[in-house]
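Report on one structure; see the data block that follows.
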Protein chains: 2
Amino acid sequence: MADVNFMTLSSFTSPSLTKTDAARLAGSRDAAETSEGIPPYDLIELLFFAYRDFTADPDTVLSEFDFGRAHHRVLHFVDRNPAIRVTDLLAILRITKQSLGRVLKQLVDEGFIEQRPGPLDRRQRLLHTTEKGHGLARKLAAMQARRIDAAVSALPETGAEVVRRFLFQMIDPDLRPDVGRMLGPAALSRVQGSAGPAAESSEA
Amino acid sequence: MADVNFMTLSSFTSPSLTKTDAARLAGSRDAAETSEGIPPYDLIELLFFAYRDFTADPDTVLSEFDFGRAHHRVLHFVDRNPAIRVTDLLAILRITKQSLGRVLKQLVDEGFIEQRPGPLDRRQRLLHTTEKGHGLARKLAAMQARRIDAAVSALPETGAEVVRRFLFQMIDPDLRPDVGRMLGPAALSRVQGSAGPAAESSEA
DNA sequence: AAATTTACGTCAGCCATATTGACTTTGCCT
DNA sequence: AGGCAAAGTCAATATGGCTGACGTAAATTT
């Protein structure tokens, strides 16, 4: 139950917090110090709220299994990358072996993920979702899909393309190739497009 | 130091994980079960990676002060909403009083945030950033701004508008009014636009 | 004036998820 | 044989959440 205090929001911005206050204060300070312009607070905060709600739906389902977000991430990437090695999973998630170990063990013990010895390199334990695991992964993805589809459908034609490109550009440049590879050739081309407003830009 | 294992990425997708594997497996399963179409995995994963890197920059700075993300969030929203009440901050962050208490106390003790009694309601401790606190908030926002600006500049003209609308639509519908109010009238109108897939095109 | 509610804080304890560093086992490769 | 890589494990620690219970001051209602 991630979302319980919805109704207790006293409306977020209190009566005492008139936008006038904010404007006045921010205004005076901005004038004095803006050497780099005003940050895009709207996008910064929209990212915060959007991401929060984006992850909230799966949380409620996961808690039924006594799983958390960590389990979700592992399950998701294993489901999406069958036969992935533990090492590669660590690189994707950017966590330590120990952190992964705990949640992975639970997922394996409870039959969501299975490990098969690598056919070429027998040191590897290649990870796969079981039917059960795949089912859960799909269920969670479907929840997020519904939210995304709704948001995209409120956009102009090319909206999804633009969003994909934006998000891709938000990724550290040196990691983009890896992410691009992971998304697959189709998505990759969708994500790159002719990325420039003018003609410049940074592809390659 | 959030980002240390960059160089140890054995390239993310291992040699053993050929896209053929994934395609084969996913393909066979999809055929059998697609009653709702394939989830937009690209957007799901792009959100994950983008948000991760988006929050990574500030982390490195924060760790110099022995602060974490929790501190960042508090500092940010106090800086953006001068004279905010504790109750409202709790509603925005959706955490408990206890959780907030810990980090808020540190921020106050170390002179980043100050509390002033409410002029009307003396039970309130209205929160403000100090110069020091404001400076840090700005520094962190600037880091995120740089990344966002770079991403936006790789987009077509109306790109930022589209992204804003997308993110806004990703927020729970019942919370949108609150977020909208927080962003302020200017940003709000930018975020709403005529949200239809058909005759849009985002002016204003 | 008394009762209730609100705003804020705090104590005590718990849990999930992450970290580091060291060490082992197994197996690949030269 | 020696070295390196893949995976697992132990122990200790930090962070950021959580619940429940209480306390105090001030505002509001009855």
Side-chain angles (χ1 to χ4, degrees), chain A residues 1-5 8-11 14-17 52 55-56 59 62-63 65-74 83-91 93-109 113 115-127, chain B residues 1-5 8-11 14-17 52 55-56 59-60 62-63 65-75 83-91 93-109 113 115-127:
Chain A
M1 302 312 126
D3 309 332
V4 185
N5 32 9
T8 71
L9 302 184
S10 72
S11 98
S14 74
S16 70
L17 179 64
R52 161 112 85 26
T55 53
D59 284 353
L62 288 158
S63 69
F65 297 83
D66 281 299
F67 287 159
R69 269 181 218 179
H71 301 85
H72 184 193
R73 291 194 287 264
V74 171
I84 193 175
R85 293 186 308 159
V86 170
T87 307
D88 293 322
L89 190 51
L90 289 175
L93 299 175
R94 273 201 234 161
I95 57 176
T96 57
K97 225 190 313 182
Q98 295 73 7
S99 299
L100 175 60
R102 201 186 349 106
V103 301
L104 182 55
K105 188 174 190 312
Q106 290 177 269
L107 287 166
V108 169
D109 286 350
I113 288 181
Q115 301 168 304
R116 304 179 197 159
L120 303 173
D121 185 334
R122 297 197 342 262
R123 291 172 303 180
Q124 302 173 350
R125 319 272 167 98
L126 306 184
L127 305 174
Chain B
M1 307 306 126
D3 308 334
V4 184
N5 31 10
T8 72
L9 300 186
S10 72
S11 97
S14 74
S16 72
L17 180 66
R52 163 111 86 25
T55 53
D59 284 353
T60 72
L62 288 159
S63 69
F65 298 83
D66 281 301
F67 287 159
R69 270 182 218 180
H71 301 85
H72 183 192
R73 292 193 286 263
V74 170
L75 185 64
I84 191 174
R85 295 186 307 158
V86 171
T87 308
D88 293 322
L89 190 51
L90 289 175
L93 299 175
R94 272 201 235 160
I95 58 176
T96 58
K97 225 190 313 181
Q98 295 74 8
S99 300
L100 174 60
R102 205 177 336 115
V103 301
L104 182 55
K105 187 173 191 312
Q106 289 177 269
L107 287 165
V108 169
D109 287 351
I113 288 183
Q115 301 168 304
R116 304 179 196 157
L120 303 173
D121 185 333
R122 297 196 342 264
R123 291 170 304 177
Q124 303 173 350
R125 321 271 169 97
L126 306 184
L127 305 174

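First the proteins, then the strands, lettered A, B, ... as listed; each starts at 1.
- Put simply, CG on B/L90 and CD on B/Q98 are 9.0 Å apart, with the number rounded to the nearest 0.5 Å.
- In this structure, the separation between CZ on A/R69 and CG on A/L62 is 9.5 Å, given to the nearest 0.5 Å.
- Nearest heavy atom pair, residue B/L107 against residue B/H71, reads CD1-O, 3.8 Å.
- Within the 4.0 Å cut-off from OP1 or OP2 of D/dA7, at least one side-chain nitrogen or oxygen of A/T87 is found.
- For the pair A/D109 CG and D/dG8 C1', the interatomic distance rounds to 13 Å; values are reported in whole Å.
- Between the CD atom of A/Q124 and the OG1 atom of A/T87 there is a distance of 7.5 Å, given to the nearest 0.5 Å.
- The distance between atom CG of A/D88 and atom P of D/dA5, rounded to the nearest whole Å, is 14 Å.
- In this structure, A/P119 and A/L126 approach most closely via the heavy-atom pair CD-CD1, 3.9 Å.
- Counting to the nearest Å, the C1' atom of C/dC8 and the CZ atom of B/R85 are 11 Å from each other.
- Spacing between atom CD of A/Q124 and atom P of D/dC4 amounts to 19 Å, rounded to whole angstrom units.
- Atom CG of B/L127 is separated from atom C1' of C/dC8 by 11 Å (rounded to the nearest Å).
- With rounding to whole Å, B/L62 atom CG is found 12 Å from D/dT15 atom P.
- Minimum atom distance to the side chain of A/I95 is reached by C/dA18, of the listed C/dA7, C/dA18, D/dC18.
- Each of B/L75, B/V108, B/L89 was checked for a side-chain contact (heavy atoms from CB on, under 4.5 Å) with B/L127, and the lone residue meeting it is B/L89.
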Collect all protein-nucleotide pairs involving nucleotides 27-30 of chain D in which both atoms are nitrogen or oxygen and the distance is under 3.5 Å.
residue	atom	partner	partner atom	Å
D/dA27	OP1	B/R122	N	3.0

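- Considering only residues two or more places apart in sequence or on other chains, B/K97 meets the salt bridge (charged side-chain N to carboxylate O under 4.0 Å, His left out) condition with none of them.
- Counting all heavy atoms, side chain and backbone alike, B/V103 lies closest to B/A70 at CG1-CB, 3.7 Å.
- When distances are taken from the side chain of A/R125 to each of D/dA7, C/dC8, D/dT19, the shortest belongs to D/dA7.
- Contact record, A/V74 with A/I113: CG1-CD1, 3.9 Å, taken as the closest heavy-atom pair.
- Contacts between residues 97-107 of chain B and DNA chain D, defined by a heavy-atom separation under 4.0 Å, are made by B/Q98, B/S99, B/R102.
- One can place CG of A/D66 at 15 Å from C1' of C/dC14, the figure rounded to the nearest angstrom.
- Taking atom CG of residue A/D59 and atom C1' of nucleotide C/dA16, one finds them 12 Å apart after rounding to whole Å.
- Between A/T96 and C/dA18, a side-chain N or O to OP1/OP2 separation shorter than 4.0 Å is absent.
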